[in-house]
Amino acid sequence: MPQEIQIQVLPQIAANNDLLVDYVSKLTHTSVNEIQHITILKRSIDARQKQVKINLKVQVFYQNEEIIHRNIQFPHYKNVQNAPVAIVVGAGPAGYFAALQLIELGVKPIVVERGKDVRGRRRDLKAINVDHVVNPDSNYCFGEGGAGTYSDGKLYTRSKKRGDVNRILELLVAFGASQDILVEAHPHIGTNKLPKIMEDMRCKIIEYGGEVLFNKKVVDFNIKGNQINGVVLHTGETIDANQVILATGHSARDIFELLNNKQVLIEAKPFALGVRAEHPQTLIDSIQYSCDFRGDFLPPAPYSIVKQVNGRGMYSFCMCPGGVIAPCATDVEEVVTNGWSPSKRDQATANSGIVVELKLEDFKPYQKYGALAGMYFQKEIENTAWQVAGKTQQVPAQRMVDFSNKKISESLPKTSYVPGVVSAELGDVFPKFLTGIMRQGFQEFGKSMKGYFTNDAILHAPESRTSSPVRIPRNNETLEHLQIKGLYPCGEGAGYAGGIISAAIDGEKCAIKCAEQIFGYRN
């Protein structure tokens, strides 16, 4: 019977199978020849000591034992061409995983996406980066795969209580992701690999009788009494169905406006907002690994940091080692930053959102907007940054120490943000309370991570789309909207997820409840 053991080894041992076999043979007091195969089940980095170690959970197969390989297969999908219909609004992870789950349960999904497919999106991303032109329906946030497709693809989640994380990871592997995501403590697919995975998901949905409609923007909901009956598209077309999964993402402001105008209950939700900080990756490596050069056997170092400043949490968000900063505006007259890493994380810089938690009381100046108060708070900061930086997709930027000292940076180095940066005082972008917290917070960060607080780090403003500024309330049991039967608020846009994995889990959960209503059964 194979033996499972936990070990801690040097990076070069973890990276070399022969060295690993030799290490395990000595540990288990067996001959190297007795060990037939070692499977790594889990891998994480322990950088707490000066000598970095790799934690491994391994399965050791000895001679004459059958080697068990992890067999990843698709679920049993049904042909749903003539099955009952449910509409899925949004082709991000929540929407696509909901659609696949519906097919598995015998329901035909019609996925309606305002943006383009993954290939078509590329031209619009180039237009933002090079020509400073924002297409409000096709950008880093809108289009096939949603925000995660072209802005990183990190799969780490704290949402294990919400559902089966391993099921989502295994489905991603079935669609082409590396099996490494089943092993790594902080799995990551990479922006360069996610588009093909999303494309293959779409093909699977269509293969089994579902539909995926691109360039179709939902502009109204058909609601009679308290029951949804379908959606109206910008073309004037209507799609009829009594079950609608609303998975539009955290930046679909027009949907929030639509619900609010139709007096469908929504709520303002606190979120976090700040800047995107960029350091040389070699500097982060030296801080995290306590070395001058990380060597060939360690990945570019990430970091995670949290501080309490004036009663507010200030923390790193969506940290991208070996990554770049991207322009993520979804409309004209605004600038927004985000970050992403390719699968190899081989860029020269590391970036992270550094954000401060907001409270509902912060939105009081916008209370005339009711449930949309947080959204308008967010919009005003994005518009102010756009104006400060010259009304293009350039962003205002400042060296970190200069920012804390209220000093405009005399020069800025070239950053990874392709549209460009403009030297500015970031205090002109944010409300005073937020600026004060960040000025102090970066100094506190430097006390915990020696070398982090430096003028070699550049702050780009703003990082404002951390999560939805709105929650669309739903019944905890049925997952339907509190007022509208058949409407399932889902994923990040509804306030119930915060990343690819949690959004996918929530999509599946909504699909299950949707199928229960259609077929009159409970799972």
Steps toward side chain to side chain contact (heavy atoms under 4.5 Å, CB included) verdict (Leu182, Leu41): CA-CA 8 Å; Leu182 305 175; Leu41 301 176; over 6 Å; no
Under 3.5 Å: donor-acceptor pair, side chain of Arg121, backbone of Glu144: yes
Taking atom NZ of Lys196 as the centre, does the number of heavy atoms from other residues, nucleotides or ligands within less than 6.0 Å exceed 12? no
For Leu102 and Pro109, the nearest pair of non-hydrogen atoms, with its separation, is CD1-CB, 3.9 Å
Rounded to the nearest 0.5 Å, what separation is found between the CG atom of Asp137 and the NZ atom of Lys216? 12.5 Å
Measuring from atom OG1 of Thr149 to atom CD1 of Ile189, what distance do you get when rounded to the nearest 0.5 angstrom? 9.5 Å
Cut-off 3.5 Å, side chains only: do Thr330 and Arg465 have a donor facing an acceptor? yes
What I'd like to find out is whether the side chain of Leu172 reaches to under 4.5 Å of the side chain of Ile197, using heavy atoms alone. yes
Can you tell me how far apart CD (Gln263) and CG (Asn261) are? Round to the nearest 0.5 Å. 9.0 Å
Enumerate donor-acceptor pairs with a distance under 3.5 Å from any side-chain N or O in residues 203-214 to protein atoms, sequence neighbours excluded.
residue : atom : partner : partner atom : Å
Glu211  : OE2  : Lys108  : NZ           : 3.0

Heavy-atom pair with the smallest gap, counting every atom of Ile266 and Phe256: CD1-O, 3.6 Å
Please lay out, stage by stage, how Lys126 and Asp131 fare under the test salt bridge (charged side-chain N to carboxylate O under 4.0 Å, His left out). CA-CA 7 Å; Lys126 182 180 179 183; Asp131 303 321; over 6 Å; no
Candidate pair Lys217 and Glu113, rule salt bridge (charged side-chain N to carboxylate O under 4.0 Å, His left out), full reasoning: CA-CA 6 Å; Lys217 183 177 180 179; Glu113 169 57 49; over 6 Å; no
In terms of heavy-atom contacts, Ile472 and Gly493 come closest through CD1-O, 4.4 Å
Rounded to the nearest 0.5 Å, what separates atom CZ in Arg253 from atom OG1 in Thr248? 12.5 Å
Test of understanding: with side chain to side chain contact (heavy atoms under 4.5 Å, CB included), list the residues that count as partners of Ile68, not counting sequence neighbours. Phe61
Check whether any side-chain heavy atom of Arg114 lies under 4.5 Å from a side-chain heavy atom of Val218, and answer yes or no. no
Test your reading of the model: is there a side-chain donor-acceptor pair from Ser352 to the backbone of Ser316, 3.5 Å cut-off? no
Evaluation steps, side-chain hydrogen bond (donor to acceptor under 3.5 Å, both in side chains), between Lys193 and Ser178: CA-CA 10 Å; Lys193 294 193 173 181; Ser178 167; over 6 Å; no
Measure the shortest side-chain to side-chain distance between Val112 and Ile87 over non-hydrogen atoms and say whether it is less than 4.5 angstrom. yes
Before giving the answer on salt bridge (charged side-chain N to carboxylate O under 4.0 Å, His left out), spell out for Glu199 and Arg119 the whole-Å C-alpha distance, their side-chain angles and the decisive distance to 0.1 Å. CA-CA 9 Å; Glu199 192 173 31; Arg119 294 181 186 274; 3.0 Å; yes
Just wondering, do His460 and Thr415 contact through their side chains at under 4.5 Å, heavy atoms? yes
Spatial distance of atom CD (Gln393) from atom OG1 (Thr337) [nearest 0.5 Å]: 11.0 Å
Glu380 and Asn383, any side-chain heavy atoms less than 4.5 Å apart: no
How far apart are the closest heavy atoms of Gly323 and Ser341, and which atoms are they? CA-OG, 3.8 Å
Is it the case that the side chain of Glu480 and the backbone of Gly486 share a donor-acceptor pair, with hydrogens and angles ignored and the cut-off at 3.5 Å? yes
Taking side chain as C-beta onward, heavy atoms only, is Val231 less than 4.5 Å from Leu233? yes
Find out whether Val470 and Glu267 are in side-chain contact, i.e. whether some heavy atom of one side chain is under 4.5 Å from a heavy atom of the other. no
Can a donor-acceptor pair be found, under 3.5 Å and without considering hydrogens, that links the side chain of Asn139 to the backbone of Cys141? yes
Value for NZ (Lys485) from CD1 (Ile223), rounded to nearest 0.5 Å, stands at 13.5 Å
Is the backbone N or O of Glu65 less than 3.5 Å from a side-chain atom of Gln36, with the two atoms forming a donor-acceptor pair by type? yes
Would you say the side-chain atoms of Glu492 pair up with the backbone N or O of Gly499, donor to acceptor, closer than 3.5 Å? yes
Say whether, by atom type as modelled, one donor and one acceptor occur between the side chain of Thr466 and the main chain of Ala272 under 3.5 angstrom. yes
Go through the steps for Asp331 and Lys379 under the test salt bridge (charged side-chain N to carboxylate O under 4.0 Å, His left out), then give the verdict. CA-CA 10 Å; Asp331 208 345; Lys379 284 181 68 171; over 6 Å; no
What pair of heavy atoms forms the shortest contact from Val118 to Pro195, and how long is it? CG2-O, 3.7 Å
Only counting residues at least two apart or in another chain, list the ones meeting side chain to side chain contact (heavy atoms under 4.5 Å, CB included) with Lys359. Arg312, Glu361, Asp362
Looking at the rings of Phe175 and Phe74, which for Trp means the six-membered one, are their centres under 6.0 Å apart? yes
Going by the rule salt bridge (Lys or Arg N to Asp or Glu O under 4.0 Å), which residues pair with Lys116 if we only count those two or more places apart in sequence or in a different chain? Asp124
Please check if the distance between the ring centroids of Phe271 and Phe363 is under 6.0 Å. yes
List for me each residue that meets side chain to side chain contact (heavy atoms under 4.5 Å, CB included) alongside Glu104, sequence neighbours excluded, and say none if there are none. Pro75, Tyr77, Gln101, Arg167
Validate the cation-pi geometry between Arg474 and Tyr488: distance from NZ or CZ to the six-membered ring centre under 6.0 Å, angle to the ring axis within 45°. no
For the pair Tyr417 and Asn129, evaluate side-chain hydrogen bond (donor to acceptor under 3.5 Å, both in side chains) and give the outcome as yes or no after the intermediate values. CA-CA 9 Å; Tyr417 184 79; Asn129 279 291; over 6 Å; no
Is any side-chain heavy atom of Val232 less than 4.5 Å from a side-chain heavy atom of Asn222? yes
When Arg276, Glu382, Gln378 are each screened for side chain to side chain donor-acceptor pair (under 3.5 Å) with Ser464, the one that passes is Glu382
Shortest non-hydrogen separation from Pro489 to Tyr496 and the atoms involved: O-CD1, 4.2 Å
Considering residues at least two apart in sequence or located in another chain, which fulfil the side chain to side chain contact (heavy atoms under 4.5 Å, CB included) criterion with Val324? Trp340, Gln347, Ser416
